[in-house]
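Single-structure report; data block below.
Along the sequence shown, the residues carry numbers beginning at 1. Computed from a predicted model, the values in this text were never measured in an experiment.
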Amino acid sequence: MSTKVASDRKLRVEEILAAFGMKAGGTVTGLAYGGSFRDDASGAPIETRDPSTGEVLARVQTASADDCRHAVTEAHDAFLRWRQVPAPQRGEIVRRLGDGFRKRKEELARLISLENGKILSESRGEVQEVIDICDLAVGQSRQLFGKEIASERRDHRLLEQWQPLGVVGIISAFNFPVAVPGWGWAIALVCGDTIVWKPSSLTPLISIAAQQIFHNVTAGTEAERVFSLIVGGGSSIGEALLADERVPLIQATGSCALGERVALAVAKRSGRAILELGGNNAVIVMADADLKLALRAVVFGTVGTAGQRCTSTRRLILQRPIAKRFMEQLVAAYRTIRIGDPLEDGTLMGPLVSQSAVDDYREGLAEMQRQGAKLLYGGNVLPDRGGYFVEPAIVRSTVDMPIVKEEVFAPIVHVFEVDSLEEAIAANNSVPQGLSSGLFTTDLASAERWLSAVGSDCGIANVNVGTSGAEIGGAFGGEKATGGGRQAGSDAWKGYMRRQTCTINYGRELPLAQGVEFPVD
């Protein structure tokens, strides 16, 4: 990087941070509750780095386990009042929050690209996703409906209704630092819950900026104290949040190992968990597919967000007659991918998020080759660029390799060849994870079989659509080791409420169900 380019980027970094009152190299607090940021956070300070250069962006004073407990206390007290606010009024607050993100969309997108490393187009899309889920939640605030059930007893009504649940703990990952937690808080708020948010320590500035928007919008309203932020390590505040019985629901996004820890800790105290964990997603391309369409989906699925999406395409399953041709097209497309500064127009792939991610990329490729995989393209770390840049990689593997069943969170795709749809479906379903999957075909029977009970075993099954890019109107989540949770649209809102069955006797008799008789004078 030339001196002038470095100087220009430094000015750009300062401008992006200044938009949220932050100073390059300065210190900010990662603790907020009770409607304001706190200057008494007692955790250890951490550094957040620009993945494009490796340089320190800022230092964050993190929260401690005691701070977490204080935040939960404030959130619980706020819940006791917030649950009494009529749901449509809660929806009005979420509408204003959506407008708050609309007004700051470009500024927040630039901060996401700076701290996370995804390209600006994807960052803008992420902020738009927050705006969209707010719009959906506003409508949902008038649709939190129950049902009436026919009673077997004369002069009785049997009905089902939904009540606010309590404090929702949100543990989010670096790759979608506002969109995925936004799926949770937007819906949880209209359901009458309050939020304690533990973001990734890799992207704390983004969460602090979002918290600023929360405070600006809710100040002086009934929602002033509904949001709490606790930045810090999982071994301290994460464990404190999981163990707190005042938090009936944990929404967690991350690795399968994280999900196992969350599930065990929450189940131990009879709490609930909404888990969205590892992906290891596959795209199948049949011989009758529109190859141009499939190619675009595969390139975005493997390279988008530098392969760091939970829905990134990890496995490519090709029917043998078109395998060679498709691979030639894929390699040619990879050669055109511009890797570089995510803040620059024309960049299609930014850096990995950290040096640790680069190490995982390097070790993942090495292990694949030790198990017999053949590197077909890429595989190089690009240290000459500064930061954490790597090439996207393509490896030819076999379905039975142990490494294929693991998710390497990097832009690496395994390629397999199959003879039939049945063999392709078996390969898709052969891994422990079950998040997203896609089949490319022009044959209606193949598409219907893929979507039948003997087809994809994933929570998301697409036809002529890749694994990445889900809309918020549908419930998002996966099966098997992916956790089984559902977030965003459809009826995912039910996960943030408690179901209540009610029986009303408006008669003068007391008949018992199932014809039981119990005479009492």
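At a cut-off of 3.5 Å, with distance as the only test, no side-chain donor of Thr313 or Thr302 sits close to an acceptor on the other residue. Using modelled atom types and a 3.5 Å distance limit, the side chains of Glu276 and Gln487 yield no donor-acceptor pair. Side-chain atoms of Trp183 and Glu129 form a donor-acceptor pair, as typed in the model, at a separation below 3.5 Å. Between His70 and Glu74, the side chains place no donor N or O within less than 3.5 Å of an acceptor N or O (distance only, hydrogens not considered). Inspection of the Arg124 and Ser113 side chains reveals no N or O donor paired with an N or O acceptor under 3.5 Å. Donor-acceptor pairing under 3.5 Å is recorded for the side chains of Asp132 and Gln128.
Counting only distance, with no hydrogens or angles, the side chain of Thr218 and the backbone of Thr221 share no donor-acceptor pair below 3.5 Å. Checking side-chain atoms of Arg314 against main-chain N and O of Glu407 turns up no donor-acceptor pair under 3.5 Å. Judged by distance alone, with hydrogens and angles left aside, the side-chain atoms of Gln89 form no donor-acceptor pair with the main-chain N or O of Pro86 at under 3.5 Å. The backbone N or O of Asp193 sits less than 3.5 Å from a side-chain atom of Trp82, completing a donor-acceptor pair. The backbone N or O of Ala265 sits nowhere less than 3.5 Å from a side-chain atom of Arg269 that would complete a donor-acceptor pair. Between the Asn281 side chain and the Cys310 main chain, a donor and an acceptor come within less than 3.5 Å of each other. A donor-acceptor contact shorter than 3.5 Å is absent between the side chain of Arg309 and the backbone of Asn175. Side chain of Thr29 to main chain of Arg38: a donor-acceptor pair is present (N/O by atom type, distance under 3.5 Å, no hydrogens or angles). Side-chain atoms of Thr441 do not come within 3.5 Å of backbone N or O of Ala447 as any donor-acceptor pair. Under a 3.5 Å cut-off, the side chain of Glu115 and the backbone N or O of Leu205 do form a donor-acceptor pair.
In this structure, Glu92 pairs ionically with Arg96, as a charged nitrogen and a carboxylate oxygen lie closer than 4.0 Å. Salt bridge present: Glu479 and Arg486 bring a charged side-chain N and a carboxylate O closer than 4.0 Å. A salt bridge links Arg157 and Glu148; the closest N-O separation between the charged side-chain nitrogens and carboxylate oxygens is under 4.0 Å.
Using a 4.5 Å heavy-atom threshold, the side chains of Arg315 and Ser430 count as touching. When side chains are defined from C-beta on, Ile171 counts as touching Leu242, because their heavy atoms get closer than 4.5 Å. Side-chain atoms of Gln161 and Met497, non-hydrogen and from C-beta on, never get closer than 4.5 Å to each other. Inter-residue side-chain proximity for Ile208 and Met22 is flagged as met; some heavy-atom pair is nearer than 4.5 Å. Between Leu316 and Val298 there is a side-chain heavy-atom pair separated by less than 4.5 Å. Between Asn428 and Cys458, some side-chain heavy-atom pair lies under the 4.5 Å cut-off. Within the 4.5 Å cutoff, no side-chain heavy atoms of Asn116 are placed close to those of Glu126. With a 4.5 Å cut-off on side-chain heavy atoms, Gln500 and Trp162 do not count as touching.
Interatomic distance, CD1 of Ile213 versus CG of Leu97, reported as 9.0 Å (0.5 Å rounding). How far OH of Tyr506 is from NE2 of His156: 9.0 Å, rounded to the nearest 0.5 Å. In this structure, CG on Leu277 lies 13.5 Å from NZ on Lys480, to the nearest 0.5 angstrom. The distance from atom SG of Cys134 to atom CD of Gln140, rounded to the nearest 0.5 Å, is 13.5 Å. Here the CZ atom belonging to Arg83 is positioned 11.5 Å from the CG atom belonging to Leu165, to the nearest 0.5 angstrom.
Between His215 and the options Tyr33, Phe37, Phe227, a ring-ring contact (aromatic ring centres under 6.0 Å, His included) holds for only Phe37.
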For this session: Quick one: do Ser436 and Thr311 satisfy side-chain hydrogen bond (donor to acceptor under 3.5 Å, both in side chains)? Show the steps, please.
Result: CA-CA 6 Å; Ser436 186; Thr311 55; 5.9 Å; no

For this session: Apply salt bridge (Lys or Arg N to Asp or Glu O under 4.0 Å) to Glu245 and Lys268, showing your working.
Result: CA-CA 10 Å; Glu245 294 184 354; Lys268 186 176 180 180; over 6 Å; no

For this session: Under the salt bridge (Lys or Arg N to Asp or Glu O under 4.0 Å) rule, what do Lys103 and Asp99 come out as? Steps first, then yes or no, please.
Result: CA-CA 6 Å; Lys103 292 174 184 175; Asp99 286 345; over 6 Å; no

For this session: Show your working on salt bridge (Lys or Arg N to Asp or Glu O under 4.0 Å) between Glu422 and Arg449 and close with a plain yes or no.
Result: CA-CA 9 Å; Glu422 287 70 24; Arg449 188 163 188 80; 3.4 Å; yes

Exercise. Does the pair Leu120 and Arg110 meet the rule for a side-chain contact (heavy atoms from CB on, under 4.5 Å), with working shown?
Worked result: CA-CA 7 Å; Leu120 263 176; Arg110 284 158 60 83; 3.9 Å; yes

Problem set entry | Intermediate values then yes/no, side-chain contact (heavy atoms from CB on, under 4.5 Å), Leu17 and Leu111 | CA-CA 7 Å; Leu17 295 177; Leu111 181 59; 3.9 Å; yes

Problem set entry | Worked check of side-chain contact (heavy atoms from CB on, under 4.5 Å) between Ser141 and Val94 | CA-CA 9 Å; Ser141 70; Val94 174; over 6 Å; no

For this session: Could you go through the side-chain contact (heavy atoms from CB on, under 4.5 Å) check for Asp67 and Ser64 one step at a time?
Result: CA-CA 5 Å; Asp67 296 327; Ser64 66; 3.1 Å; yes

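Both tests hold for Lys118 against Phe176: distance to the six-membered ring centre under 6.0 Å, angle to the ring axis within 45°. In this structure, Arg104 is positioned above the aromatic face of Phe20, its NZ or CZ under 6.0 Å from the six-membered ring centre and within 45° of the axis.
Heavy atoms only, all atoms of each residue included: Gly495 and Leu249 are closest at O-CD2, 3.5 Å. Heavy atoms only, all atoms of each residue included: Ile187 and Val190 are closest at O-CG2, 3.1 Å. Closest approach of Pro411 to Leu352, counting heavy atoms only: CD-CD2, 3.8 Å. When all heavy atoms of Pro199 and Val231 are compared, the closest pair comes out as CG-CG2, 3.8 Å. Nearest heavy-atom pair, Gly455 versus Asn429, reported as atom, atom and distance to 0.1 Å: O-ND2, 3.0 Å. The minimum heavy-atom distance between Val178 and Ala210, with the atom names listed, is CG1-CB, 4.2 Å.
Remark: Asp491 CG is packed, more than 12 non-hydrogen atoms of other residues, nucleotides or ligands lying under 6.0 Å away. Within a 6.0 Å sphere centred on CZ of Arg142, heavy atoms belonging to other residues, nucleotides or ligands number 12 at most.
Within the structure, every pair that satisfies the salt bridge (charged side-chain N to carboxylate O under 4.0 Å, His left out) test and touches residues 229-241, not counting sequence neighbours, is listed here: Glu239-Arg261.
Asp290 pairs by the salt bridge (charged side-chain N to carboxylate O under 4.0 Å, His left out) definition with nothing, not counting sequence neighbours.
Using the six-membered ring where Trp is involved, Phe101 and Phe214 have ring planes that are tilted, between 30° and 60° apart.
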